[in-house]
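Only one structure is covered here, and it is reproduced in the block below.
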Amino acid sequence: MIRLGEKQELVIVKKVEFGVYLAVSFEDAAEHVLLPIKQMPGNKGVGDKLEVFVYRDSKDRMIATTHEPKLCMGQTANLVVAQMGKFGAFLDWGLEKDLLLPFKEQRGKVKQGNEVLVSLYIDKSNRLCATMNVYENLRTDSPYQAGDRVRGRVYELSDNFGAFVAVDNLYSGLIAKKELYGNVEPGTDVEARVLRVREDGKLDLSIREKAYIQMDADAEKILSLLDSYEGALPFSDKAAPEVIKHETGMSKNEFKRAVGRLLKQGKIEIGEKTIRRRNS
């Protein structure tokens, strides 16, 4: 069976003026695919085998190519958005016909020139399309251990679980809600720390440092924020959690811990509805 979206070795069963027809075998020659003459190696003839990739051309006909695609079925890859269209985004994947990323398969904002992490799937019309839901195609055999630093791309957010991350754009990772920090959106590249490797090989991640390091970082962030407000924040540690999160990216508890450290160091003073930087 000829497999759409995959590289495979097929045999040349017939030569014609405009190319060659390829099949799994001569016995299965009724199911064949065309390799255009311009991609035909000069030293090959009927009975020889070729490794090709099979996709659909601009007229939705199955066609073979000896060109190397940037993405095959079961893989993930970063592809550039070549243009936006009526039905979605068209991605450059190294072949003559761009790959469609339908609107319903997009996560976050997708614009021309963006680089998006995608996988392949076959839609209801038996056409190859891209999806940003790459979960099923991420590997669970990473070389990482607890404590390692990693980089990855957030590809989906869940209110229940947190942020799903493709580590190295290859491996399955999750930043749990309690470990999220700052404004993280689909398409965001993050640096994270591996908290643990689960039994199934998936990685639990954190973008927060260990508590004592994070508190110092949060305190510095508050000082920078105070400077941007000319020395006085228009809210205190008694503000609503939503206000604190919006203004600082911290939870209320994180904010209060950092404020407490700054107060102890004598760098700020707290009013009923304000926090001011003390002049040194």
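No experiment lies behind these values; they were computed from the predicted model shown. All heavy atoms count here, side chains included; hydrogens, waters and symmetry mates do not.
Heavy-atom minimum distance, L95 versus H67: CD2-CB, 4.0 Å. Heavy-atom minimum distance, V24 versus M1: CG2-N, 3.4 Å. When all heavy atoms of L120 and C72 are compared, the pair lying nearest together is CD1-C, 3.6 Å. Closest of all the heavy-atom pairs between L233 and F255 is CD1-CZ, 4.4 Å. Here the closest non-hydrogen pair linking G271 and S236 is O-CB, 3.9 Å. Taking all atoms of both residues into account, the shortest heavy-atom contact from I207 to E179 is CG1-O, 3.5 Å.
Rounded to the nearest 0.5 Å, atoms CD1 (I268) and CD1 (I270) are 4.5 Å apart. Note: R257 CZ to D218 CG = 8.0 Å, rounded to the nearest 0.5 Å. In this structure, CG in L101 is found 8.5 Å from SG in C129, a value given to the nearest 0.5 Å. With rounding to the nearest 0.5 angstrom, the CG atom of L174 is 7.0 Å from the CG atom of L205. A distance of 13.0 Å separates NE2 of H32 from CZ of F26, quoted to the nearest 0.5 Å.
When I63, L128, D60 are each tested for a side chain to side chain contact (heavy atoms under 4.5 Å, CB included) with K97, only one passes: D60. When V116, L71, L117, L91 are each tested for a side chain to side chain contact (heavy atoms under 4.5 Å, CB included) with N78, only one passes: L117.
Sparse packing is recorded around CD of E230, with 12 or fewer heavy atoms of other residues, nucleotides or ligands lying under 6.0 Å away. For R276, the CZ atom sits in a loose shell: 12 or fewer heavy atoms of surrounding residues, nucleotides or ligands are nearer than 6.0 Å.
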Could you give the side-chain donor-acceptor pairs of residues 194-203 under 3.5 Å, partners two or more places apart or in another chain?
unit_1	atom_1	unit_2	atom_2	d
R196	NE	D204	OD2	2.7
R196	NH2	D204	OD2	3.2
R198	NE	D204	OD1	3.0
R198	NH2	D204	OD1	3.1
D200	OD1	K202	N	3.0
K202	NZ	Y135	OH	2.4

Could you list the donor-acceptor pairs under 3.5 angstrom formed between side-chain atoms of residues 33-46 and any protein atom two or more places apart in sequence or on another chain?
unit_1	atom_1	unit_2	atom_2	d
K38	NZ	E96	OE2	2.9
Q39	OE1	T65	OG1	2.5
Q39	OE1	T66	N	2.7
Q39	OE1	T66	OG1	3.3
Q39	NE2	T65	OG1	3.4

Contacts table for residues 160-172: side-chain donor-acceptor under 3.5 angstrom, sequence neighbours left out:
unit_1	atom_1	unit_2	atom_2	d
D168	OD2	Y144	OH	2.5

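In this structure, the salt bridge (charged side-chain N to carboxylate O under 4.0 Å, His left out) partners of E272, at least two apart in sequence or on a different chain, are K238. Take Q145 and apply the side chain to side chain donor-acceptor pair (under 3.5 Å) test, not counting sequence neighbours, and it matches no residue.
Listed by first then second residue, pairs satisfying side-chain hydrogen bond (donor to acceptor under 3.5 Å, both in side chains) with a partner in residues 105-118 read E105-T131, not counting sequence neighbours.
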